[in-house]
Amino acid sequence: MTRMGVRFRGVNVAEASGDEYRLLETYCQKKKKPLMQSACSCRLEAPSGDEKFGNVAEKLAQIAAKGLCFDEGLEPDSPVAKEANSDVIVRLVELLKTSGDELNKTIQSNQELLGYLQQTFSYDLFKKLTKAFITSSVPEFLQSRKKREQIALAFEVTSRLKALDLHPMNRVMGYGAQYLQEKFTPWVKEHGGWEKAFDGDDEEVH
């Protein structure tokens with residue numbers, strides 16, 4: 001994977017290779033199994049090497065698992081689904097949430113979804129999928145005080161899309177890092193950086 005300034009449909013990988021990108025890499029590397037297989041019992045391997053990112057990735061996984069345990073799915077007529085303007089978005093979100101280790105196999109066997117992803121996957125589509133995935137677990141009226149849960153779910157959906165391995169050089173990681181930078185990095189900085197923002201128990205940091 002290159003970090004030499006390659007631009008994928010508006011995403012500069014070099015610009016998206018800071019802490020967010022490295023945290024995404026750590027999150028993906030340390031997961032033994034996808035959270036969707038057993039969201040309520042998922043745990044990461046013990047941190048090794050980079051304790052800073054390992055500990056934050058562990059916390060993110062725990063928060064994401066709790067959020068996904070109690071979600072009720074994305075309704076086709078919800079505001080987010082309407083904004084996405086595609087039933088395919090709703091289908092993909094539900095698939096990303098429920099298919100476990102069969103996710104890649106299911107996508108590969110569904111020519112409609114596979115073709116949609118291969119032909120239209122862009123940062124704009126990534127944003128729509130991620131927003132829909134997050135909103136299916138954290139309703140919009142709660143999002144102003146549920147930043148940590150939203151961030152954890154953004155990491156999770158990025159890791160699941162990465163596992164599909166549909167795109168050259170896996171631009172998903174660059175998209176994920178840019179999304180985090182645009183939507184959540186200011187909040188993280190306001191709360192002392194990644195370690196401090198995700199330190200302590202699960203009580204929301206305002």
Side-chain angles (χ1 to χ4, degrees), residues 16 18-24 26-28 30-31 34-44 52-84 89-90 92-98 123-162 172-173 175-206:
D19 284 354
E20 295 81 7
Y21 193 98
R22 286 179 288 159
L23 256 174
L24 280 168
T26 303
Y27 188 95
C28 294
K30 288 185 175 292
K31 289 179 63 177
L35 286 179
M36 59 193 145
Q37 181 179 15
S38 181
C40 296
S41 61
C42 173
R43 292 293 182 271
L44 299 187
K52 172 184 176 181
F53 292 118
N55 289 331
V56 175
E58 173 73 35
K59 186 65 175 180
L60 286 163
Q62 293 172 1
I63 295 171
K66 288 183 179 180
L68 292 173
C69 280
F70 303 105
D71 78 276
E72 298 180 354
L74 182 68
E75 295 296 330
D77 59 350
S78 69
V80 174
K82 289 180 179 178
E83 181 180 332
I89 296 291
V90 177
L92 283 169
V93 168
E94 293 305 311
L95 188 60
L96 284 167
K97 293 162 73 71
T98 62
Y123 184 54
D124 183 61
L125 176 58
F126 177 90
K127 288 192 294 184
K128 289 178 180 178
L129 278 172
T130 303
K131 182 176 181 179
F133 188 89
I134 291 172
T135 303
S136 68
S137 295
V138 184
E140 289 189 295
F141 73 92
L142 291 176
Q143 290 185 6
S144 64
R145 58 188 178 88
K146 291 282 187 179
K147 291 296 185 184
R148 295 204 301 180
E149 190 166 321
Q150 291 179 75
I151 293 168
L153 291 170
F155 272 80
E156 182 57 23
V157 73
T158 301
S159 72
R160 297 184 186 192
L161 287 169
K162 178 180 183 295
V172 171
M173 296 292 283
Y175 290 163
Q178 181 164 335
Y179 186 86
L180 289 167
Q181 290 174 345
E182 290 179 358
K183 301 294 185 181
F184 301 118
T185 294
W187 180 89
V188 170
K189 289 181 177 178
E190 287 176 5
H191 291 83
W194 288 98
E195 289 179 283
K196 289 185 178 180
F198 288 88
D199 189 25
D201 58 28
D202 291 338
E203 291 298 317
E204 188 61 45
V205 178
H206 297 284

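This chain uses plain numbering: 1 for the first residue, then up along the sequence.
A salt bridge is defined here as a Lys NZ or Arg NE, NH1 or NH2 lying under 4.0 Å from an Asp or Glu carboxylate O, and D19 with R22 meets this definition.
Expressed to the nearest 0.5 Å, how far OG of S137 lies from CG of L142 amounts to 11.5 Å. Rounded to the nearest 0.5 angstrom, I89 CD1 and L125 CG are separated by 5.0 Å. To the nearest 0.5 angstrom, L95 atom CG is 10.5 Å from R160 atom CZ.
Counting all heavy atoms, side chain and backbone alike, F184 lies closest to I151 at CG-CG1, 3.3 Å. In this structure, A152 and A64 approach most closely via the heavy-atom pair CB-N, 3.7 Å. Across all their heavy atoms, T158 and G176 have their closest contact at OG1-CA, 3.8 Å.
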Practice problem: May I have the step-by-step check of side chain to side chain contact (heavy atoms under 4.5 Å, CB included) for K97 and V93, ending in yes or no? | Solution: CA-CA 6 Å; K97 293 162 73 71; V93 168; 3.6 Å; yes
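Partners of Q143 under the side-chain contact (heavy atoms from CB on, under 4.5 Å) rule, at least two apart in sequence or in another chain, are I134, T135, V138, E140, Q150. Applying the side-chain contact (heavy atoms from CB on, under 4.5 Å) test to K189 and every residue at least two apart in sequence or in another chain returns T185.
Around NZ of K183, the count of heavy atoms belonging to other residues, nucleotides or ligands within 6.0 Å does not exceed 12.
Ring pair Y123/Y175 is tilted by interplanar angle, where 30° to 60° counts as tilted. F155 and Y27 have tilted rings, their planes meeting at an angle from 30° to 60° on a 0 to 90° scale.
By the 4.5 Å heavy-atom criterion applied to side chains, R148 and W187 are counted as neighbours. Counting only heavy atoms from C-beta outward, the side chains of K66 and Q62 never approach each other to under 4.5 Å. When side chains are defined from C-beta on, F133 does not count as touching L92, because their heavy atoms never get closer than 4.5 Å. Counting only heavy atoms from C-beta outward, the side chains of L180 and L24 approach each other to under 4.5 Å. Side chains of E149 and L153 form a contact here, defined as non-hydrogen atoms less than 4.5 Å apart.
Under 3.5 Å, the side chains of Y179 and E20 contain no donor-acceptor pair of N or O atoms.
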